[in-house]
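On a predicted model such as this, the values are computed, not experimentally measured, just so you know. Residue numbers start from 1 in every chain, and the chains themselves are labelled A, B, ... in the order their sequence lines are given, proteins ahead of strands.
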Number of protein chains: 2
Amino acid sequence: MNKPSGAMSYDELRGAIAQKHRALSGRLQQIAEFVLDHPTDVALGTVAEVAERSGVPPSAIVRFAHAIGFGGFTEMQQVFRSRLVAGVAPSYKARLARMKSEEKSVLGRKPAAVLSRFVSEAQSALVTLSQSVHTRELDAATAILMKARDIYLLGLGGSFPVATHLAYVLRKLGRRVVLLDGIGGSIHEQSHAATPEDALVAISFRNYYPDTARLFPELVARRVPAISITDSLLSPIVQGASVVFEIQDMPEPALRTLVAPMCLVQALAIGMDLAAD
Amino acid sequence: MNKPSGAMSYDELRGAIAQKHRALSGRLQQIAEFVLDHPTDVALGTVAEVAERSGVPPSAIVRFAHAIGFGGFTEMQQVFRSRLVAGVAPSYKARLARMKSEEKSVLGRKPAAVLSRFVSEAQSALVTLSQSVHTRELDAATAILMKARDIYLLGLGGSFPVATHLAYVLRKLGRRVVLLDGIGGSIHEQSHAATPEDALVAISFRNYYPDTARLFPELVARRVPAISITDSLLSPIVQGASVVFEIQDMPEPALRTLVAPMCLVQALAIGMDLAAD
DNA sequence: TTGAGGGTAGAATATCTATTCCATTTATTG
DNA sequence: CAATAAATGGAATAGATATTCTACCCTCAA
């Protein structure tokens with residue numbers, strides 16, 4: 001056995017199989033071909049299933065795994081599964097790099113390293129954003145904002161910067177905006193004038209700010225159309241919302257850059273303005 | 001009870017879980033949250049593994065699958081696996097739609113095009129940031145913040161979101177922060193207590209907000225150490241500053257995403273906290 | 001306090017899993 | 001052709017799996 005390495009990438013495995021292909025015996029070659037053609041089946045199936053689909057007995061599958069250099073089918077399957085995980089997580093490389101830099105705690109503590117850490121975090125957040133937001137939601141949100149007379153903004157705690165930014169842009173565009181900041185007393189009173197002719201944009205991430213969780217249902221109950229920007233479908237501002245933008249993989253507050261929601265709200269505002277012409 | 005068919009998409013399942021979340025009991029809610037946050041773990045893990053990672057007994061996992069409407073864990077797992085398969089083999093339709101929106105991004109008025117425009121704008125802003133900020137400035141700024149008793153934040157108008165975000169993070173880290181927002185009257189009075197033992201972080205971009213331009217020189221004259229974040233060495237908050245971060249190529253307000261300054265201030269705050277240990 | 005109902009956790013279980021083993025077949029070599 | 005080695009397929013097995021079952025524990029109401 002040449003390389004029975006424990007940690008092997010899928011691409012490396014493909015290379016290894018291709019290289020050993022000629023040296024394998026008939027049955028094992030047949031399995032090699034099937035395996036390269038149906039990697040997903042290997043990743044998710046059992047030995048019996050793979051055996052049946054490739055037309056060989058189960059024991060041959062195990063022998064094949066041994067021939068490639070693995071301890072057994074299960075071990076080989078891990079490599080095929082890693083391919084699936086990598087495919088669904090675009091920030092996989094970035095995360096790996098980040099974990100590496102975390103290990104180097106000496107370098108990781110220098111301000112310059114911290115900055116580049118946040119930059120790469122933000123980069124992957126943007127990639128995730130553009131992949132997870134769909135046209136349907138954008139169109140629906142734009143329509144709501146266009147029809148609205150006044151636009152109410154609800155974003156407290158860590159989300160407050162996003163709300164203030166959206167307020168700034170909307171006001172620049174000439175829209176009437178009510179920023180619910182709770183200054184000077186009850187935040188309820190600030191929102192008392194909201195009607196179904198208006199619209200609400202709510203922004204909230206874990207841990208969800210209590211006042212946000214309390215106020216949102218009230219406004220929804222008064223039939224104010226609501227656009228929610230949050231990190232989970234279980235957040236308190238999802239139930240009753242007309243449109244929900246779910247921004248996944250928001251890290252814990254200390255590492256949260258707000259880059260993704262900032263981009264999103266600005267795109268909403270500008271997109272609405274362009275569509276209005 | 002609703003009846004999720006055998007052929008259920010992952011998105012539909014997410015919706016179903018979110019909908020039933022409220023009606024579930026404590027343990028089951030806990031599982032719902034874990035499952036939505038770690039879909040890959042559910043797709044590839046065994047009942048025992050999922051149970052351990054989510055901190056519940058295995059039987060609870062099975063009860064959860066039943067509660068959602070599946071015959072058992074295995075059945076539910078199929079849906080999570082379909083997500084992995086879909087991720088690795090994107091449908092031609094989705095690819096086509098994405099390429100179309102990318103083509104039109106220059107002229108595009110559709111909300112989706114606007115979003116991708118802002119995302120790419122933000123991406124390049126981040127690249128520029130990491131290239132233009134140097135270690136020397138970061139170290140100097142970190143030293144100032146560490147020594148400071150109180151930290152005054154000055155960012156008005158379009159820069160206000162950056163200031164509020166920095167205020168939030170610094171307060172989370174236990175630092176004393178004064179956010180100069182001008183609420184309730186003169187912004188001068190809010191800053192009156194600042195001394196050379198404190199520090200000032202000023203953020204301002206074109207067009208420079210008048211109050212910022214007026215207040216900054218006053219504080220500098222009182223020997224308050226100042227860190228400036230701006231877009232030009234000709235801006236009114238450069239003269240007298242101890243450290244200047246120049247973020248170039250900031251587009252006009254309508255296209256300004258604030259992504260770069262948001263990342264920078266957060267890296268400053270966290271970098272200071274890490275260096276303090 | 002007492003009683004009832006749903007919720008829960010952990011042990012018990014029947015099923016399925018990957019793997020090994022060995023008799024048989026197939027290929028290779030002198 | 002004979003002799004030997006390699007490869008194969010299927011049965012046997014030990015271990016892990018999802019699921020079920022039951023005693024216990026809360027919560028709440030009378």
(message) Does atom CD (A:Gln78) have a neighbourhood of more than 12 heavy atoms from anything else shown, all under 6.0 Å?
(response) yes

(message) Is there a side chain to side chain contact (heavy atoms under 4.5 Å, CB included) between A:Tyr208 and A:Ile237? Walk through the geometry before answering.
(response) CA-CA 9 Å; A:Tyr208 310 108; A:Ile237 63 169; over 6 Å; no

(request) Rounded off to whole Å, could you give me the CZ-to-P distance for the A:Phe70 and C:dA18 pair? (result) 16 Å

(message) Each nucleotide in nucleotides 18-26 of chain D should get exactly one letter: B, S or -. Can you fill that in based on protein heavy atoms under 4.0 Å?
(response) SBB------

(message) Between P on C:dT26 and CG on A:Leu28, what's the gap in Å once rounded to a whole number?
(response) 17 Å

(request) Please report, rounded to the nearest Å, how far the P atom of C:dA18 is from the CD atom of A:Glu49. (result) 8 Å

(request) Could you tell me whether A:Glu218 atom CD has more than 12 heavy atoms of other residues or ligands within 6.0 Å of it? (result) yes

(message) Closer than 4.0 angstrom, basic N to acidic O: yes or no for A:Arg214 and A:Asp211?
(response) yes

(request) Find the distance A:Phe64:CZ to D:dA7:P and express it as a whole number of Å. (result) 15 Å

(request) Could you check if a side-chain atom of A:Thr257 sits within less than 4.5 angstrom of a side-chain atom of B:Met262, using non-hydrogen atoms only? (result) no

(message) What is the separation between atom CD on B:Gln30 and atom P on C:dT8, rounded to the nearest whole Å?
(response) 10 Å

(request) Measure the distance from CD1 on A:Ile61 to P on C:dT19 and round it to the nearest whole Å. (result) 11 Å

(request) Evaluate the criterion side chain to side chain contact (heavy atoms under 4.5 Å, CB included) for residue pair A:Leu13 and A:Phe70; output intermediate values, then yes/no. (result) CA-CA 11 Å; A:Leu13 175 57; A:Phe70 293 98; 3.7 Å; yes

